[in-house]
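Side chains included, hydrogens not; waters and symmetry mates left out as well; all remaining heavy atoms used. Ligands are counted one by one from 1 in listed order, and the atoms in each one are counted from 1 as well.
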Amino acid sequence: MQNSVTPTPTHCPYCALQCGMNLTPAADGTVEVSERTDFPVNRGALCGKGRSAPAVLRSSVRLTSPLVRSGGTLVPASWDEALDRITEGLSRTRTEHGPDACGVFGGGGLTNEKAYTLGKFARVVLGTSQIDYNGRFCMSSAAAAGMKAFGLDRGLPFPLADIPKSGCVILVGSNLAETMPPSLRFFNELRENGGTLIVVDPRRTKTAEHADLHLAPRPGTDLALALGLLHLIVAEGRVDEAYVAERTVGWADARAVAMAHWPEYVERITGVSVPDLREAVRLFCEPEHAMVLTARGPEQQSKGTDTVGAWINLCLATGRAGRPLSGYGCLTGQGNGQGGREHGQKADQLPGYRKLDDPAARRHVAEVWGIDPDTLPGPGRSAYELLDALGTDIRSLLLMGSNPVVSAPRAAHIEERIKSLDFLAVCDVVLSETAALADVVLPVTQWAEESGTTTNLEGRVLLRRQAITAPEGVRGDLEVLHDLADRLGVEKGFPTDPEEVFEELRRASAGGLADYSGITYRRLAEENGVFWPCPAAEASEDAAGTETAEATPLDLPGVHPGTPRLFLDRFATDDGRARFVAAAHRPIAEEPDEEYPVLLTTGRVVAQYQSGAQTRRVDELNAAAPGPFVELHPRLAERLGAAEGDPVAVVSRRGRAVAPARITTAIRPDTVFMPFHWPGEGRANTLTNPALDPTSRMPEFKACAVRLETVKP
Ligand SMILES: Nc1nc2c(c(=O)[nH]1)N[C@H]1C(S)=C(S)[C@@H](COP(=O)(O)OP(=O)(O)OC[C@H]3O[C@@H](n4cnc5c(=O)[nH]c(N)nc54)[C@H](O)[C@@H]3O)O[C@H]1N2
Ligand SMILES: Nc1nc2c(c(=O)[nH]1)N[C@H]1C(S)=C(S)[C@@H](COP(=O)(O)OP(=O)(O)OC[C@H]3O[C@@H](n4cnc5c(=O)[nH]c(N)nc54)[C@H](O)[C@@H]3O)O[C@H]1N2
Ligand code: SF4
Ligand SMILES: [Mo]
């Protein structure tokens, strides 16, 4: 902590870029953000959310006292009373219904230390298998596809700085000009260097405006699109046969599936013309290096895992994975979307990206935790399934770092499930829509008020440093978990110092896929982040077939430099080869019909973040993005009889939402788009379909059937 005028170098609380910034506390109690140019991801640039993040530190918008429900309303209470109430609530559920009736729900915004401790708390203190987190709604399909294809899942297998040196990048369903604005620079530099950018999005987004080629498929048809491109790659003789033979498995089956997807058939399914398909193949295949990057567009589908697999196939067939300046990557979303899924808050995982059903993994982690491996619960339900079981199988819930009343699919139903709980405790910095339903709300410290590590979309582990002192009345999440563990009879093993937690996490992750054992707070501070896997010196066998970093200040014998680039020698599978997937096109879970003839897709705008719990409390962001809207094509608007700004009702089988029309030719005429940042009447998730991907358990946020109605004033 620093109180002098020296700025503290730290990182933004929001998205997966984890932009570097400097914070300086001012005399009037506010905090000033200034440029931090030494961090290579953003080199000083910030988006409006990052610049205005200190506004959420003000006491006027945040919680500064615990709240407990009394006579139906939430009233301020002491920490002791609030913690006692949570202890009682959880203990009663456990006694009456067994440990699995206690649920825990986490978030990809939590630091590695918090995510790790939350997973340990669930399994060791509560003894429950019922823990999952909002990352399941985020990039879980890409994670599953990456594991299948490469044996390892890390957002990008290379630093962002490699992008300008590649020859072509296909961005599938990412609107990074709005969702990660400082990253646009890398794509503009790619084009300045003579490379090309292809954007695949049903809307001509701000990102698509920077593209050399924009393909606008019908939502939910990315799998067919990738198969059509692979078909042309084969038909035009562009397969790298030597690479396929040497470094992959499963080509014959993948090839057979692709050959059944003729360009004309794919055009009919996707709406992307055959000449555009051919042009995309030419741009992708001609340069020596090329990349495919996916984001939520193709991933948030009930076939997201196969869809991402089909895009990975394009890299494999053309020899563009595990080679310099080439490869497949997923643009993770939340500040710690990557690390949050590696250290044990996911239903089926233990720290270090270990599997909960692997006996060796259980033994290793149980030893670090000082428990008998037989007492470790098994895998639990996925996020939507967990929320759907609230009030029935799961009677009490501890929630940290998510606002599902706004962000879960089929949100009105989930809101009812939450209300039917016997007991709900929420730790948050603000009174979110979900916190407002709780029996106990605990006010916690925020990014600038505490230290901790996050892992950005490049797999770069970073140190966020405390820059200011938290206001009186709030406590850290780690302190909350420590105090609850203590009250629930586990006095040891829940330290409140993040560095102490990290030291334990290092040991727990040692030897796992996401090995952090060679990383220390000191290194993170000195090296501007370290890429995992980074085993401790004595175990520095190269797990992932990787190239190690350029010389660093700590490039000493016995110190592993970290792994900026993965798979250059071999993939992380047992035999070192990547796996093709062979999956044919299939429709979305809910195709439009006579009653619901239009497709709804959902996503983000630049000035709001997620459920909006934080950013809806910042005036300048609200001025830029004041509320929900329904984006629709002029032809659809005309048929409906709606003019710009008219309220439009969007109705699905799950419910009805109303928001003003925003009419634009930038969207397909068969599709409407709604951002999901707002609660209430305009809540997009009232409409969305919780159909789940069979592997990743990701809900289909990106496509469902709706009808539009005008609303009488
Ligand atoms: N401003 C802002 N930035 C954010 C966030 C935020 O809430 N606000 N959230 C952060 C998080 S957690 C995440 S996960 C990332 C998300 O980052 P992105 O994935 O870039 O965000 P989205 O807007 O959800 O989706 C991207 C695009 O997918 C398109 N799309 C819709 N359906 C389909 C489809 O079927 N196929 C294809 N190919 N595209 C489709 C949408 O039109 C949209 O433009 O952003 C991070 N950054
Ligand atoms: N329709 C539709 N729905 C979507 C999506 C979509 O594209 N379309 N995208 C999905 C995706 S990708 C995501 S990631 C989810 C995100 O949706 P949510 O999971 O709701 O994410 P946030 O709004 O970031 O919620 C984080 C909450 O935790 C609080 N918080 C922040 N930091 C901390 C902390 O350190 N400790 C504690 N205890 N609390 C903290 C914040 O104030 C906020 O209330 O939404 C999903 N929902
Ligand atoms: S792009 Fe992401 S990390 Fe960077 S300032 Fe904006 S929200 Fe923060
Ligand atoms: Mo996300």
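- Between L17 and P182 the shortest side-chain heavy-atom distance falls below 4.5 Å.
- In this structure, T221 contributes its side chain and R218 its backbone to a donor-acceptor pair below 3.5 Å.
- Between the choices T686, L600, D428, the shortest heavy-atom distance to atom 43 (C) of ligand 2 belongs to D428.
- Although no hydrogens or angles enter the test, the distance criterion places no donor-acceptor pair under 3.5 Å between the side chain of T111 and the main chain of G452.
- The nearest heavy-atom contact from the protein to atom 2 (C) of ligand 2 is F701 CD2, 3.2 Å.
- Residue-level proximity to ligand 2 for T111 is absent, since no heavy atom of it falls below 4.0 angstrom.
- Contact analysis puts T688 in contact with ligand 2, with a non-hydrogen atom separation below 4.0 angstrom.
- At a heavy-atom distance under 4.0 Å, no atom of M21 approaches ligand 3.
- Atom 8 (N) of ligand 2 has its nearest heavy-atom neighbour, among T602, L687, N134, in T602.
- No donor-acceptor pair closer than 3.5 Å links the side chain of H343 to the backbone N or O of E113.
- There is a side-chain donor-acceptor pair under 3.5 Å between T305 and D693.
- When non-hydrogen atoms are compared, ligand 2 lies under 4.0 Å from neither the backbone nor the side chain of Q446.
- Atom CZ of R464 sits about 5.0 Å away from atom OG1 of T454, to the nearest 0.5 Å.
- With hydrogens and angles ignored, the 3.5 Å screen pairs a side-chain donor or acceptor of R51 with a backbone N or O of L46.
- Polar contact with ligand 2: present for N685 (N/O pair, distance under 3.5 Å).
- The salt bridge (charged side-chain N to carboxylate O under 4.0 Å, His left out) test applied to D428 returns no partner, not counting sequence neighbours.
- Shown in contact with D477 at under 4.0 Å from a heavy atom are these atoms of ligand 2, numbered in order with element: 34 (C), 35 (O), 36 (N), 37 (C), 38 (N).
- Residue contacts with ligand 2: S432 is placed with no nitrogen or oxygen under 3.5 Å of a nitrogen or oxygen of the ligand (distance criterion only).
- Evaluation of the salt bridge (Lys or Arg N to Asp or Glu O under 4.0 Å) test over residues 401-417, restricted to residues two or more places apart or in two chains, returns E415-K419, E415-R683, E416-K419.
- Classification of the F673-F629 ring pair by plane angle, with boundaries at 30° and 60°, yields tilted.
- For the pair Q301 (side chain) and K702 (backbone), a donor-acceptor distance under 3.5 Å is absent.
- Protein-derived N/O/S atoms nearer than 2.8 Å to atom 6 (Fe) of ligand 3 total 1, waters excluded.
- Considering backbone and side-chain N/O atoms, C427 comes within less than 3.5 Å of an N/O atom of ligand 2.
- If you check each of A613, P675, S402 against atom 27 (C) of ligand 2, the one with the closest non-hydrogen atom is S402.
- The shortest N or O to N or O distance between K114 and ligand 2 is under 3.5 Å.
- Residue-to-ligand polar distances place K702 within reach of ligand 2: an N/O pair is separated by less than 3.5 Å.
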Would R604 and Y609 count as a side chain to side chain contact (heavy atoms under 4.5 Å, CB included) here? Give the steps. CA-CA 8 Å; R604 298 163 162 81; Y609 189 69; over 6 Å; no
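- Under the 3.5 Å distance criterion, with hydrogens and angles disregarded, a donor-acceptor pair is assigned to the side chains of N112 and N336.
- Heavy-atom proximity to L110, at under 4.0 Å, picks out these atoms of ligand 2: 34 (C), 35 (O), 36 (N).
- To the nearest 0.5 angstrom, L397 atom CG is 7.5 Å from L387 atom CG.
- Contact atoms of ligand 2 toward V444: 36 (N), 37 (C), 38 (N) (distance under 4.0 Å to a heavy atom of the residue).
- Residue R604 places a heavy atom less than 4.0 Å from ligand 2.
- Taking the six-membered ring where the residue is Trp, the centroids of Y133 and F105 are separated by 6.0 Å or more.
- Within the listing of ligand 2, atoms 12 (S), 14 (S) sit less than 4.0 angstrom from a heavy atom of C138.
- Between Q300 and ligand 2, an N or O atom pair is found at a separation short of 3.5 Å.
- Contacts with ligand 2 closer than 4.0 Å are made by heavy atoms of both the backbone and the side chain of S611.
- For the residue pair D222 and T307, no side-chain donor N or O sits within less than 3.5 Å of a side-chain acceptor on the partner.
- R662 pairs by the salt bridge (charged side-chain N to carboxylate O under 4.0 Å, His left out) definition with nothing, not counting sequence neighbours.
- Ligand-side atoms of ligand 2 in range of V430: 42 (O), range being under 4.0 angstrom from any heavy atom.
- Across M139, E700, Q610, Q608, heavy-atom proximity to atom 22 (P) of ligand 2 is greatest for Q610.
- For N403, heavy-atom contacts with ligand 2 shorter than 4.0 Å involve the backbone as well as the side chain.
- Heavy-atom separations between G108 and ligand 2 are all 4.0 Å or longer.
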